[in-house]
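Here the structure is laid out as structure tokens; the discussion comes afterwards.
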Amino acid sequence: MNKFITTIKNIFAIEDLRARILNTLFFIAIYRLGSFVVLPGVDPARLKDGAEGLFGILDTLLGGAFSNASIFALGIMPYISASIVLQLLTIAVPYFQKLQKEGESGRKKINQYTRILTIPIVLAQSVGFIATINADAIINPGTFFTVSTMIIITAGTLFCMWLGEKITDKGIGNGISMIIMIGIVSRLPGAIIGEAAAKGVNKSLIFLLELVVLFLVVMAVIVLTQAVRRIAVQYAKQVGGTTQLDAQRQFIPLKVNAAGVMPIIFAQSLMFVPAIVASAWKSSDAANYIGVKFSDYTSWQYNLVFASLIIIFTYFYTAISVNPNQIADDLKRSGGFVPGVKPGAETSEFIDEILTRITLPGAVALALIAIFPAIALLLGVTRPFSAFYGGTSLIIMVGVVLDTVNQVQSYLLMQHYDGMMKSGKLRGRAENVALAS
């Protein structure tokens, strides 16, 4: 405990870090305040208590802003959709491929295109959001309400984008992900209280057991997020003028879960297709069966298809995000090589083979984490609390927290303070210490 208190003192002793943390808290407070500002023309007393299905997942990511019909009802999610579209375009369209290779200037142009694409996406999604609002809650429905709501929601999303960029520039970084994480975390206290109330005194032991299982699941997600397969790389001895650099050995870290949370997002977007298609043939018994089973995310049919899609998309997204050919070319140009493997094509094949092997356990683990909330719900955990046992919410929370810890750790090491967890082991800690000294 003394070490923790000392670490907190060290954090606030650094003026720049203290200012960034306070700025981050200020921007987060603005975002949370906006999540409770209801859209003009909507009666909050007549809104539905909560969203279900895909809307329920979206509402969890937005911290209740969706079900509150707030000015931040869509939050940062249209920007995420635009980012995914641009990321796919960098694979399929040569122009965007060229931009990606131009370094910082290319990334700035891609970011600008992402911001521009966000506007039509949020306008289209706002129309769908208006359709989800309870008709009784709209005071004066009509064209004026629809148009004004579209403009307000679009402005709210752009303001959330601005907040995210400010957290990145003036705060502790990772602003867009930080906004999503705050929305998720804001639901956690209420979910825990609701679960405790549902279990009561008679089932307090079960509630404690649920907390222990949640802790173990979080630890498993941390392991999956941090797990890497390191490939040794040797750099030949280099001579430049009167300076001679000895041969060095470094490593290429290949993540076991290089795809992150994207396979779950892609799979969830497709899981509504069977129910929609089945609704077109309501007279068919098979269509009715499919419609019922794929509308219930706790059914084994739903989870089997869901897990299979996650595994497929994990391989797909890993293939487009990690390019063995580019890694091999970069190594060859910089004078590096994998010991025992010829530079060029053989190095690319070697990296691709290792990446294929480590992706399988990562994909299976990601699929298990994604379906664990459904298992928890079947075992008696309340719906709000079961959402934190896995899926998109937990993976985003763990990833953002780990990135934030690394950011703070870097500031402490640059100022020659001891790390956040002296007795712990944080990835990259040894390298940072060596650089700081």
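Since the model is a prediction, treat every value here as computed from it, not as a measurement.
Minimum heavy-atom separation, Phe372 to Tyr389: CD2-O, 3.4 Å. Contact record, Asn303 with Ala374: OD1-CB, 3.7 Å, taken as the closest heavy-atom pair. The two residues Leu309 and Ala267 make their nearest non-hydrogen contact at CB-CB, 3.9 Å. Taking each heavy atom of Ser70 and Phe36 in turn, the nearest pair found is CB-N, 4.3 Å. Smallest separation of non-hydrogen atoms from Ala198 and Thr382: CB-CG2, 3.8 Å. The nearest pair of heavy atoms linking Ala137 to Leu47 is CB-CD2, 3.8 Å.
In this structure, the separation between OG on Ser386 and CD on Glu195 is 8.5 Å, given to the nearest 0.5 Å. Here the straight-line distance linking atom OG of Ser186 with atom OH of Tyr31 works out to 7.5 Å at 0.5 Å rounding. The distance from atom CG of Asn140 to atom CZ of Phe145, rounded to the nearest 0.5 Å, is 9.5 Å. The distance from the CD1 atom of Ile172 to the CZ atom of Arg20 is 9.5 Å, given to the nearest 0.5 Å. Atom OG1 of Thr149 and atom CZ of Phe144 lie 9.0 Å apart (nearest 0.5 Å). Between Ile71 atom CD1 and Thr154 atom OG1 the span is 12.5 Å, to the nearest 0.5 Å.
Under the 4.5 Å side-chain criterion, counting only non-hydrogen atoms from C-beta, Leu366 is not in contact with Ile311. The shortest side-chain heavy-atom distance between Val38 and Asn68 does not fall under the 4.5 Å cut-off. Residues Asn174 and Thr404 form no side-chain contact, since every pair of their non-hydrogen atoms from C-beta on lies 4.5 Å or further apart. Residues Ile80 and Ile176 meet the side-chain proximity criterion, which asks for heavy atoms closer than 4.5 Å. Proximity of Leu88 to Ile320: side-chain heavy atoms (C-beta onward) are separated by under 4.5 Å at one or more points. For the pair Met178 and Phe27, the minimum side-chain heavy-atom distance is 4.5 Å or more. Side-chain contact between Thr318 and Lys255 is absent, with no heavy atoms from C-beta onward closer than 4.5 Å. Counting only heavy atoms from C-beta outward, the side chains of Thr356 and Tyr315 approach each other to under 4.5 Å.
Within the 3.5 Å criterion, the main-chain N or O of Leu224 finds no donor-acceptor partner in the side chain of Asn257. Counting only distance, with no hydrogens or angles, the side chain of Ser204 and the backbone of Gly200 share no donor-acceptor pair below 3.5 Å. Counting only distance, with no hydrogens or angles, the side chain of Arg46 and the backbone of Asp136 share a donor-acceptor pair below 3.5 Å. One N or O on the side chain of Asp43 and one on the backbone of Ala45 form a donor-acceptor pair closer than 3.5 Å. Within the 3.5 Å criterion, the main-chain N or O of Gly175 finds a donor-acceptor partner in the side chain of Thr168. Under the 3.5 Å distance criterion, the side-chain polar atoms of Thr157 are matched with a main-chain donor or acceptor of Gly75.
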Please report the C-alpha distance between Ile138 and Ile133 in whole Å, then the side-chain angles of each, then the deciding distance to 0.1 Å, and finally whether the side-chain contact (heavy atoms from CB on, under 4.5 Å) criterion is met. CA-CA 8 Å; Ile138 302 176; Ile133 300 177; 3.9 Å; yes
After noting the C-alpha distance and the side-chain angles of Leu360 and Thr314, does the key distance pass the side-chain contact (heavy atoms from CB on, under 4.5 Å) rule? CA-CA 9 Å; Leu360 178 60; Thr314 300; over 6 Å; no
Using the rule given for side-chain contact (heavy atoms from CB on, under 4.5 Å), can you reason through Phe385 versus Glu210, listing the C-alpha separation, both sets of side-chain angles and the distance that settles it, and then say yes or no? CA-CA 10 Å; Phe385 191 51; Glu210 290 175 354; 4.2 Å; yes
Please determine whether side-chain contact (heavy atoms from CB on, under 4.5 Å) holds for the pair Lys203 and Phe207, giving the CA-CA distance in whole Å, both sets of side-chain angles, and the decisive distance to 0.1 Å. CA-CA 6 Å; Lys203 296 183 179 180; Phe207 175 65; over 6 Å; no
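Side-chain contact annotation: Gln97 with Thr90, donor-acceptor N/O pair under 3.5 Å absent.
Within a 6.0 Å radius of NZ in Lys199, other residues, nucleotides and ligands contribute more than 12 heavy atoms. Shown here is Asp16, whose CG atom has more than 12 heavy atoms of other residues, nucleotides or ligands within 6.0 Å. Heavy atoms of other residues, nucleotides or ligands lying less than 6.0 angstrom from CZ of Arg18 number more than 12.
Sorted by first and then second residue, the side-chain hydrogen bond (donor to acceptor under 3.5 Å, both in side chains) pairs with a member in residues 103-123 read Tyr95-Tyr113, Glu104-Arg107, Gln112-Arg115, Arg115-Glu165; sequence neighbours excluded.
With sequence neighbours left out, Asp169 forms a salt bridge (charged side-chain N to carboxylate O under 4.0 Å, His left out) with no residue at all.
In summary, the aromatic rings of Phe66 and Phe129 are positioned with their centroids under 6.0 Å apart.
Screening Ile76, Ile28, Leu158, Ile30 for a side chain to side chain contact (heavy atoms under 4.5 Å, CB included) with Leu163, the sole residue that qualifies is Ile30.
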